[in-house]
Each structure stands twice: as C-alpha cells, then as structure tokens.
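A short write-up of the structure that comes next.
Atoms within each ligand, like the ligands themselves, are counted from 1 in listed order. Side chains included, hydrogens not; waters and symmetry mates left out as well; all remaining heavy atoms used.
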Amino acid sequence: MLHKAESAANPCRPIADGDLVIVYEGFDSMKAVRVSANGNYNNKYGSFAHKEWIGKPFGSRAVSRKGSGWVLLLAPTPELWTAVLRHRTQILYAADIAMVVAFLELRPGAVVLESGTGSGSLTTSLARAVAPHGKVWTFEFHEQRAQLAAEEFKANGLGELVTVAQRDIEASGFPEELHGQADALFLDLPKPYMVVPSAARCVRPDGMFCSFSPCIEQVQRTCQELNAHGFRDMRTMEVLLRQLEVSRQALATDLESSMAPPQSKKQARRQEAAGNAGGGGGGNGPKRQKAADGSAVAVVAKPVPFGRGHTGYLTFARRVVEFS
Ligand SMILES: C[S@@+](CC[C@H](N)C(=O)[O-])C[C@H]1O[C@@H](n2cnc3c(N)ncnc32)[C@H](O)[C@@H]1O
C-alpha cells in the first residue's frame with residue numbers, strides 16, 4: 001500500500017489491475033476494493049466495471065453504467081485504510097494516531113516496537129512514518145490476528161517495513177535482540193505497566209514511549225512504573241475530536257415570530273426541517289434547504305452531533321540516563 005500510495009502521489013500514476021483502491025461514496029462511506037479486470041463494483045448508484053478504472057489516475061471520479069451516480073477512486077493511505085479496514089479488535093483512529101506519530105517523534109529510518117498489533121490500524125501509520133528505510137516490529141499474542149495482520153501488511157506493500165510476531169509481551173517482554181534498538185515504543189495492551197521494565201531495556205536514551213489505555217487506573221500504574229524505570233517528561237493526554245458540518249440553513253429573520261410556538265403540526269415540521277438542514281454524507285454533498293417562510297438561507301457550520309467521545313488516554317514519556 002505504502003509503496004503504491006507513494007507512487008500514486010505522482011498525479012500521472014494510473015490505476016492498474018490488482019491495485020487496492022479506496023472507493024469513496026462520501027466521507028462516512030468508503031470501501032477498500034482490489035481492482036480486477038473482470039470485476040464489478042455495485043452500490044445504490046448502480047454498477048461500475050473495474051476495467052473502466054484501469055489506466056485512469058488515482059483521484060478519478062467514476063460514473064456508474066446507468067449514469068445515476070459516481071464514486072471517487074482514491075489511492076490507499078494509512079488514514080483511508082483506518083477508515084475502511086476490517087475490525088478484528090478495537091482500533092486507534094486518526095486523531096489519536098496523529099498524536100502518537102507526532103509525540104513519538106517518528107522520522108524516516110526510525111525503529112519502532114509495538115504491541116498489540118490488533119487490526120493493524122496504527123501499524124500502517126507507523127510504517128509510513130519510518131519509511132523507506134525504518135522498521136516496525138509489532139507483537140500480537142493472538143495467533144490468528146498475528147497471521148491476518150502479517151498477510152494484510154504484505155498484500156498492502158508493507159511486508160519489508162513491518163515484521164509481525166506472535167508473542168505474549170506482558171508475560172515475556174520484547175525479545176532480547178531488540179534491547180537498545182528502539183527509537184520509539186508503543187503499547188495498546190490491557191496491562192501496559194507490566195511491560196515498562198522491558199520497554200526500558202529496548203528504548204535507546206532520549207527515545208520515546210507511549211501507551212494507550214482507556215482507564216485512568218491503567219495510566220496511574222503505568223506512570224509509577226515509568227518513573228521507577230528511568231523515564232521522565234511524562235505527559236498524559238486525551239484527544240477529543242470536534243468536527244464541524246458546513247451546510248445551508250434557513251435562518252429566521254423575524255426573531256419574534258420564529259420564537260413563537262408553532263400554530264400547527266405542519267408548521268412545527270417545517271421549523272424542525274429548517275433547523276436540521278444539511279446532513280452531508282453520500283456522494284452528493286450537503287442538501288440545500290429552501291426557507292419555507294421566505295426567511296434568509298445562509299451557509300452555517302455546526303458541530304457534528306455524532307462525534308466520538310472518550311477513546312482512551314495517551315501517556316508519553318522519554319527515556320533518560322542519569323549520570324553523576
Ligand atoms: C485494542 S487491540 C490493538 C489495536 C491496534 N492498536 C490498532 O490500532 O489496530 C489490542 C491487541 O492486543 C493484543 N494483546 C492483548 N494482550 C497481549 C499480550 N499480552 N501480548 C501481545 N498482545 C496482546 C490483543 O490480542 C489485541 O489484538
């Protein structure tokens with residue numbers, strides 16, 4: 001995925017047979033599709049023949065056979081992959097991932113250790129951050145999850161950057177050959193505090209540690225262990241995302257009459273519709289709302305009501321060495 005996505009950054013890169021394409025129907029409706037010369041993609045707009053996509057650049061808009069709708073054909077990126085991947089576990093989403101990549105201070109060539117791999121959502125972003133010559137070692141104790149993740153990374157072109165191994169990291173720690181090798185280390189485990197002694201052996205001085213935990217008690221125990229094992233500059237943060245939806249809305253110009261209670265059920269329905277204009281999603285953008293009573297129509301931005309709340313706490317720490 002990464003190598004293909006990189007070459008897809010070139011606007012001339014055409015879609016080829018066998019490519020992974022992210023089919024975009026709307027910001028909340030995307031699917032990962034493997035292009036095959038005989039394949040078809042079907043949705044509510046009708047049928048799309050893959051062979052029509054081959055040779056077109058990533059970023060193309062494809063119209064359905066009967067012309068009743070369209071989809072966008074996007075190059076796979078870690079951000080889009082997180083939006084479309086098959087969930088085998090809970091996953092990290094873009095807002096937390098962005099903080100992890102930034103505060104782990106990842107750069108091309110870096111070596112990162114991760115556990116558990118889960119669905120590989122974070123791993124894919126770690127891989128892009130350390131590419132082209134870095135390495136992600138990711139450990140998962142669930143045999144089938146480890147195997148599926150390894151297969152997916154390979155199919156997505158990440159086979160050389162990411163190595164998956166099956167291992168109980170809480171019980172056994174990271175392998176000895178990785179001691180002193182990590183520029184950064186990330187844990188998404190039920191008992192991250194059990195892994196801190198091993199993390200201290202793996203992360204080089206001035207390297208970064210991060211743990212993702214849904215409960216504050218996990219954070220407290222992890223911080224105690226970090227403090228006891230030479231980590232300093234500890235910071236815990238919770239990332240809360242607030243999205244805004246931009247749409248057209250009917251705004252009453254006559255404040256008095258707009259605040260008066262509705263005189264009939266029909267009028268109540270009209271007032272409610274005026275207040276709920278927009279909606280987004282789908283391939284056709286925000287709906288236009290006509291003012292029922294001649295009031296002004298304006299473009300407004302309001303917070304999306306279904307935003308994700310608490311996902312977890314991110315605890316970062318830096319490994320330091322004392323000298324006297
Ligand atoms: C929440 S998932 C990780 C999701 C991942 N961060 C992502 O973004 O897709 C946690 C994973 O840790 C694995 N796990 C739990 N305990 C473990 C242990 N002791 N050693 C290794 N992996 C473990 C679980 O099997 C699960 O797949």
Using a 4.0 Å heavy-atom cut-off, say whether Lys191 meets ligand 1 through its side chain, its backbone, both or neither.
-> neither
Considering only heavy atoms from C-beta outward, does the side chain of Met30 approach that of Val23 to under 4.5 Å?
-> no
For ligand 1, does Leu189 get within less than 4.0 Å through its side chain, its backbone, both, or neither, judged by non-hydrogen atoms?
-> side chain
Rounding to 0.5 Å, atoms CZ (Phe141) and OG (Ser115) come to a distance of 9.0 Å
Going from CE on Met208 to CZ on Arg318, what distance comes out if it is rounded to the nearest 0.5 angstrom?
-> 5.0 Å
Quick one: do Glu79 and Arg128 satisfy salt bridge (Lys or Arg N to Asp or Glu O under 4.0 Å)? Show the steps, please.
-> CA-CA 11 Å; Glu79 292 74 21; Arg128 183 181 59 188; 2.4 Å; yes
For atom NE2 of His133, is the number of surrounding heavy atoms from other residues, nucleotides or ligands below 6.0 Å larger than 12?
-> no
Where ligand 1 meets Gln90 - atom numbers and elements under 4.0 angstrom, heavy-atom basis | 1 (C), 2 (S), 4 (C)
Ring centres under 6.0 angstrom apart (Phe174, Phe139) = yes
To the nearest 0.1 Å, how far is atom 20 (N) of ligand 1 from its closest protein heavy atom, and which atom is that?
-> Ile169 N, 3.0 Å
Identify, by atom number and element, the atoms of ligand 1 in contact range of Ser115, meaning under 4.0 Å from any of its heavy atoms.
-> 21 (C), 22 (N)
Report yes or no: is the cationic atom of Arg235 (NZ for Lys, CZ for Arg) under 6.0 Å from the centre of the six-membered ring of Phe316, at an angle within 45° of the ring normal?
-> no
Ala171 contact mode with ligand 1 (heavy-atom cut-off under 4.0 Å) = neither
Would you say Arg221 has more than 12 foreign heavy atoms packed within less than 6.0 Å of its CZ?
-> no
In terms of heavy-atom contacts, does NZ of Lys31 have more than 12 from other residues, nucleotides or ligands at under 6.0 Å?
-> yes
Nearest heavy atom to atom 24 (C) of ligand 1: which of Glu170, Arg88, Glu140 does it belong to?
-> Glu140
What do you reckon, does Phe186 have a nitrogen or oxygen under 3.5 Å from a nitrogen or oxygen of ligand 1?
-> no
Cation-pi geometry met for Lys51 and Trp53 (6.0 Å, 45°) = no
Where on Thr89 is there a heavy atom closer than 4.0 Å to ligand 1, on the side chain, on the backbone, on both, or on neither?
-> side chain
If you measure from each non-hydrogen atom of Arg145 to ligand 1, which part falls under 4.0 Å: side chain, backbone, both or neither?
-> side chain
Judging by distance only, is a nitrogen or oxygen of Leu92 under 3.5 angstrom from one on ligand 1?
-> yes
Measure the CZ-NE2 distance between Phe209 and His229 for me, rounded to the nearest 0.5 Å.
-> 11.5 Å
In the protein, which heavy atom is nearest to atom 12 (O) of ligand 1, and how far is it?
-> Gly116 CA, 3.5 Å
By number and element, which atoms of ligand 1 are closer than 4.0 Å to a non-hydrogen atom of Asp188?
-> 1 (C), 3 (C), 4 (C), 5 (C), 6 (N), 10 (C), 12 (O)
Is Thr123 touching ligand 1 with its side chain, its backbone, both, or neither, if touching means heavy atoms under 4.0 Å apart?
-> neither
Ligand-side contact atoms (ligand 1) for residue partner Thr117, heavy atom cut-off under 4.0 Å = 5 (C), 7 (C), 9 (O)
Per-atom contacts of ligand 1 with Arg167, taking only distances under 4.0 Å to non-hydrogen atoms = 20 (N), 21 (C)
Nearest non-hydrogen protein atom to atom 19 (N) of ligand 1, with distance, is Asp168 OD1, 2.8 Å
Which atoms from ligand 1 have a heavy atom of Gly120 less than 4.0 Å away?
-> 9 (O)
Could you find the nearest protein heavy atom to atom 22 (N) of ligand 1 and give me its residue, atom name and distance?
-> Phe141 N, 3.2 Å
Distance col, row Leu20:CG vs Leu74:CG, nearest 0.5 angstrom, shows 11.0 Å
For Ser119, the atoms of ligand 1 under 4.0 Å from one of its heavy atoms are 9 (O)
Any nitrogen or oxygen of Pro190, main chain or side chain, under 3.5 Å from a nitrogen or oxygen of ligand 1?
-> no
Would you find more than 12 non-hydrogen atoms of other residues, nucleotides or ligands less than 6.0 Å from Glu151 atom CD?
-> yes
Before signing off on this row, confirm whether Ser121 and ligand 1 have an N or O atom pair separated by under 3.5 Å.
-> yes
